[in-house]
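Reading through the structure tokens given below for one structure.
Ligands are counted one by one from 1 in listed order, and the atoms in each one are counted from 1 as well.
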Amino acid sequence: MTNTNPILILGAQGLIGSALMEVLADKNPIGLDMPECDVTRPDQVNETFKRFQGGVVINATGYTNVDGCESARDEAEKLNSEAPGMLARAAREHGALLVHLSTDFIFDGTLDRPYREDDSPNPLSVYGRTKLAGEEAVRSEAGDWLIVRTAWVFGHQGHDFIRTMIKLAQDRKDLRVVNDQTGCPTYSLDISQGLTKLIEADARGTFHLVNSGQTTWFNLARCALDMAGFEEVPIKPVTTQEFARPAVRPFCSVLDITKYRKLTGDTPRSWDKALKAALEREGYMEKTNQTV
Ligand SMILES: NC(=O)c1ccc[n+]([C@@H]2O[C@H](COP(=O)([O-])OP(=O)(O)OC[C@H]3O[C@@H](n4cnc5c(N)ncnc54)[C@H](OP(=O)(O)O)[C@@H]3O)[C@@H](O)[C@H]2O)c1
């Protein structure tokens with residue numbers, strides 16, 4: 001990526017898109033969302049790619065409400081499966097690199113070691129299935145593409161698990177969090193920096209990119225509340241069975257980032273250091289009554 005390559009971020013106001021806009025700010029990225037570019041509309045996608053001939057297009061859009069996908073299959077398919085294929089086709093036709101974001105939820109979470117890029121997917125939910133179909137659509141266009149799978153993202157814009165936990169703690173709501181699902185919490189700014197490193201290293205193909213380490217949702221919530229000054233707010237650890245949700249989640253979807261580390265020489269900081277940095281930036285490191 002040179003300073004002359006135009007960079008386009010689709011879904012620029014989302015959790016990851018907004019972090020990408022910030023991290024890539026010195027490269028003057030263009031950020032688009034709806035209604036400027038609806039990625040499910042071929043006319044708008046083609047018009048947009050014409051303007052970004054030879055550039056780097058990062059697709060940070062998605063139907064990301066995991067439980068919501070179960071009752072909105074058609075919309076999830078359009079955005080998570082069909083749109084990526086359309087973007088990959090347009091990228092090929094206009095000589096652009098498509099960088100596409102995917103998820104640990106394409107795996108079933110039954111492997112006894114961290115998932116590598118070439119491990120067999122077996123999604124358990126509509127979200128996971130539609131995201132996997134999106135990856136396959138990107139690959140089948142055989143253009144210039146890079147797929148980056150990440151997981152359990154927290155950041156500064158939009159909805160995320162940490163923000164939800166702090167809000168519930170502030171409202172002194174009864175907190176119950178599952179303690180038998182393990183994954184890799186990841187900071188949106190760290191993904192954005194890692195993704196930039198991959199692009200600069202001319203990476204192509206599929207990569208896993210998460211903060212180092214692994215934990216459960218319960219431990220993540222406990223750490224966040226302790227760091228943010230809500231040590232006295234109790235959280236009850238529960239099992240997946242006790243906390244029924246519409247979408248089935250993998251029990252252990254830890255991602256192996258060896259391929260990323262080998263190519264870039266970078267090891268992302270641990271998830272708890274990243275969490276501390278995120279909370280510090282939000283002003284939560286001291287006890288506060290600030291609203292989320
Ligand atoms: N968050 C995670 O934990 C996580 C984990 C792994 C992978 N990912 C993947 O990373 C990507 C970004 O996730 P995120 O959490 O940043 O998502 P997000 O916060 O939900 O943001 C998605 C963005 O896409 C926009 N968008 C929705 N429909 C669109 C359309 N038809 N055309 C153009 N833009 C549209 C949204 O705008 P509106 O807000 O106006 O709808 C929003 O700005 C997704 O592909 C997701 O699957 C996320």
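Between D256 and R261 there is no salt bridge, since none of the side-chain N atoms of the basic residue sits less than 4.0 Å from a carboxylate O of the acidic one. Ionic pairing of D171 and K167 is present here: one or more N-O contacts between side-chain nitrogen and carboxylate oxygen are shorter than 4.0 angstrom.
With sequence neighbours excluded, the residues satisfying salt bridge (Lys or Arg N to Asp or Glu O under 4.0 Å) with K50 are E47.
Scanning all protein heavy atoms for the shortest distance to atom 22 (C) of ligand 1 gives A60 O, 3.6 Å. Looking at atom 44 (C) of ligand 1, its nearest protein heavy atom turns out to be T61 O, 3.3 Å.
Taking the six-membered ring where tryptophan is involved, the planes of F107 and H208 are perpendicular, since the angle between them exceeds 60° and thus also 30°.
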For residues 271-278, which side-chain N or O atoms pair as donor and acceptor with protein atoms under 3.5 Å away, sequence neighbours left out?
unit_1: D272; atom_1: OD1; unit_2: S270; atom_2: OG; d: 2.7

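Taking a 4.0 Å cut-off on heavy atoms, G158 fails to register as neighbouring ligand 1. Ligand 1 lies less than 4.0 angstrom from a heavy atom belonging to Y127. For the ligand labelled ligand 1, residue T150 lies inside the 4.0 Å heavy-atom shell. Ligand 1 is never approached by G134 to a heavy-atom distance shorter than 4.0 Å.
In this structure, atom 37 (O) of ligand 1 is in close contact with the protein, since a protein heavy atom lies within 4.0 Å of it.
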